[in-house]
Amino acid sequence: MEKIIKLELPNILGSEKVAIEKAVSIAKKMGFRQDRIDDLKTAMAEACINAIEHGNKFDENTKVGITVAADDTKLEVVVHDTGTGIDPEKIPKKRVGENGFPKRRGYGVFLISNLVNEFSYEAQPGEGNKVKMMMHLNK
Amino acid sequence: MSKDIQVLTSQRGDIAVISIKGDVTATTGEVIGNAYHDAMVSSAPKILLQFDKDCYINSGGLASLIDIASEGRKKAQKIHAYGLSDHFQKIFRMVGLTRCIPIFTTEEAAIADF
């Protein structure tokens, strides 16, 4: 897969918009439908917010790395932080509280995994966390 | 992130309307929370959330809306929403927010169902 964009974003909420705009531009050129582009925007935003908040813990001296790669049939986005890693088992699976209401937080990974075709998470000691999201043009 | 949001409140009979335009995030959610805690809104039996179709909502913004829904339930308020794009209607359904804030495609439908 051809690498198209590699960015380093400041670890500040809102900085993800630059990367999202670039990925959306590529997705549009590839022919993704608008509803899939909206899914991509939300998935990328949630991955970046998680990286800034949970991975890099709002440390403004750190960066969030974004790689966007594409070929004729698929678009891949990797979001990379420098954090110590999150235990996937600790990500809440239950989204309804005791009172029957949706829980306040913990939707990032849930949304990402439901909005893209493929999703994986990798944590390497000393190398941070990588969230990989893949969207297929015809799925 | 700057508070890229415009929130206005108004009243139509016994319905308090909160009009939201811009980014609904953890940061800007405070602005919506403040509008909800406005005396007129917090005492109204019915609340209508009017979203602009270009509103962007992330998980932090969803948390702010869940807070309002939770507080509204304690006060036996009915909260309806309309104006969301198809994408954010889908997100509301995915996270279960429509169980506490039903969404409608038009203002008329949202008001008629109170």
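What you are looking at is a predicted structure, and each value in this text was computed from that prediction instead of being measured. Note on naming: letters A, B, ... go to the chains in the order of the sequence lines (proteins, then strands), and numbering restarts at 1 for each one.
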So, the part of B:A69 with a heavy atom under 4.5 Å from chain A: the answer is both
Quick check against the 3.5 Å criterion: does A:H80 have a side-chain atom that pairs as donor or acceptor with the backbone of A:E127?
yes
For chain A, find which of B:S85, B:C100, B:G96 contributes the most heavy-atom pairs closer than 4.5 angstrom.
B:C100
Under 3.5 Å, is there a donor on one side chain and an acceptor on the other for A:N129 and A:D81?
yes
Taking side chain as everything from C-beta outward and backbone as N, CA, C, O, which of these in B:D67 sits under 4.5 Å from a heavy atom of chain A? Side chain, backbone, both or neither.
side chain
Please check this pair: side chain of A:E46 against backbone of B:S59, looking for a donor-acceptor N/O pair closer than 3.5 Å.
yes
Should the pair B:D113-B:K78 be classified as a salt bridge under the 4.0 Å nitrogen-to-oxygen rule?
no
